[in-house]
Amino acid sequence: MKEILRRALTGAVYIILLLSAVFLNSDAFDFLFMAFGLACLYEYKKLVHLKGYYIFMAYLALWWLFIYFINDKILINLLLSITLVVDFALLYFLFSKKNKPFNTTKKFVIGLFYVGGGCIFLTMIPYQENEFAKILIMGIFILIWVNDTFAYLVGRSLGRTKLYSAVSPKKTIEGSIGGFIFALIAAYIISEFETLISPMQWIILSTIIVITGSLGDLIESKLKRVAGVKDSGAILPGHGGMLDRLDSLIFAAPFAYLILYIFNYVS
């Protein structure tokens, strides 16, 4: 009971901080996710035993350039392409039976684009049509939370078939299906409040977010399993580290950005 209360209190503080940043102003949101990115990178460094602080400087330089200075679509698409290539390489790592450790260069590149690129595109998502789309980004957060929550609840109640026991023994196929169904329902409800994209586009976006978010969670679980640790950190009582909290979001963000870009292009 005490553990549930601690998790609930930590989760409430996290959500209040996030809501405050989103609805205060865009600068507060930008700097919150810059800080979240630094915290995630710190935990990633510990997980893979990456030495030095160059990755922080590279991340801050990339974040500052792409959030405040670079508007050129070619450069943004280049960053997106590199980030997606790294993410697909991590998917290969996830399903590979080999647990060969990354060399220093790979650790740096993966951290910079998997964590850093994910946080950058998460920060860029709400800037639609020269406005800060508060409901759009909150909708994406809600889809992740709904999927995670109902995957856990349905899996705990009805789960029988393991999803990927070699990496995450507690996750079940039934839980994943339950999380997906409730995320689709949430997407339809959100579409009533945010009309930048159509209800059908919300359903498509929800599907992409649920699939890639779930894969992101499994990738971080694989990194922790290889490192031999339960949590990436202890900054959030009852929830582990910041990377544990944001693993789904930062992996899903580039894919969400891509699908929103396609929606804008075809509409």
Does Tyr257 have more than 12 heavy atoms from other residues, nucleotides or ligands lying within 6.0 Å of its OH?
yes
Step by step, would you call Leu122 with Leu246 a side-chain contact (heavy atoms from CB on, under 4.5 Å)?
CA-CA 11 Å; Leu122 189 58; Leu246 295 176; 5.6 Å; no
ring-ring contact (aromatic ring centres under 6.0 Å, His included) between Phe255 and Phe88: does it pass, once the steps are laid out?
CA-CA 11 Å; Phe255 295 93; Phe88 278 112; 5.8 Å; yes
Do Phe193 and Ile197 share a hydrophobic cluster (ILVMFWY, side-chain heavy atoms under 4.5 Å, transitive)?
yes
Tell me, yes or no, whether the heavy-atom count around Asn71 atom CG, taken from other residues, nucleotides or ligands under 6.0 Å, exceeds 12.
no
Within residues 16-39 or reaching into it, pairs that qualify as side-chain hydrogen bond (donor to acceptor under 3.5 Å, both in side chains) - sequence neighbours excluded
Asp30-Tyr127
Parallel, tilted or perpendicular: rings of Phe31 and Trp64 (30°, 60°):
perpendicular
Atom OH of Tyr54 with >12 non-hydrogen neighbours under 6.0 angstrom
no
Are more than 12 heavy atoms from other residues, nucleotides or ligands located less than 6.0 Å from atom CZ of Phe66?
yes
Does the side-chain contact (heavy atoms from CB on, under 4.5 Å) test come out yes or no for Leu18 and Phe36, once each step is laid out?
CA-CA 11 Å; Leu18 207 52; Phe36 280 175; 4.1 Å; yes
Short side-chain to backbone donor-acceptor contact, Glu174 and Thr161, under 3.5 Å:
yes
In this structure, would Val146 and Ile189 fall into the same cluster of hydrophobic residues linked by side-chain contacts under 4.5 Å?
yes
Taking Phe102 as the fixed residue, which of Phe93, Phe108, Tyr114, Tyr44 is the one that meets the ring-ring contact (aromatic ring centres under 6.0 Å, His included) rule?
Phe93
Set out, in order, the CA-CA distance, both residues' side-chain angles and the distance that settles ring-ring contact (aromatic ring centres under 6.0 Å, His included) for Phe150 and Phe180, then state yes or no.
CA-CA 8 Å; Phe150 283 96; Phe180 177 53; over 10 Å; no
With distance as the sole test, does Ser168 use its side chain to make a donor-acceptor pair with the main-chain N or O of Tyr164 at under 3.5 Å?
no
Can you check side-chain contact (heavy atoms from CB on, under 4.5 Å) on Leu215 and Leu94, steps first, answer last?
CA-CA 9 Å; Leu215 288 169; Leu94 171 63; 4.1 Å; yes
Surrounding NZ of Lys134 (heavy atoms of other residues, nucleotides or ligands, distance under 6.0 Å), is the total greater than 12?
yes
In terms of hydrophobic clustering (I, L, V, M, F, W, Y; side-chain heavy atoms under 4.5 Å; direct or indirect links), are Leu62 and Ile70 co-clustered?
yes
With a 4.5 Å cut-off on side-chain heavy-atom distances among I, L, V, M, F, W and Y, is there a chain of contacts connecting Leu24 to Ile67?
no
Do the rings of Trp63 and Tyr68 sit parallel, tilted or perpendicular, given the 30° and 60° boundaries?
perpendicular
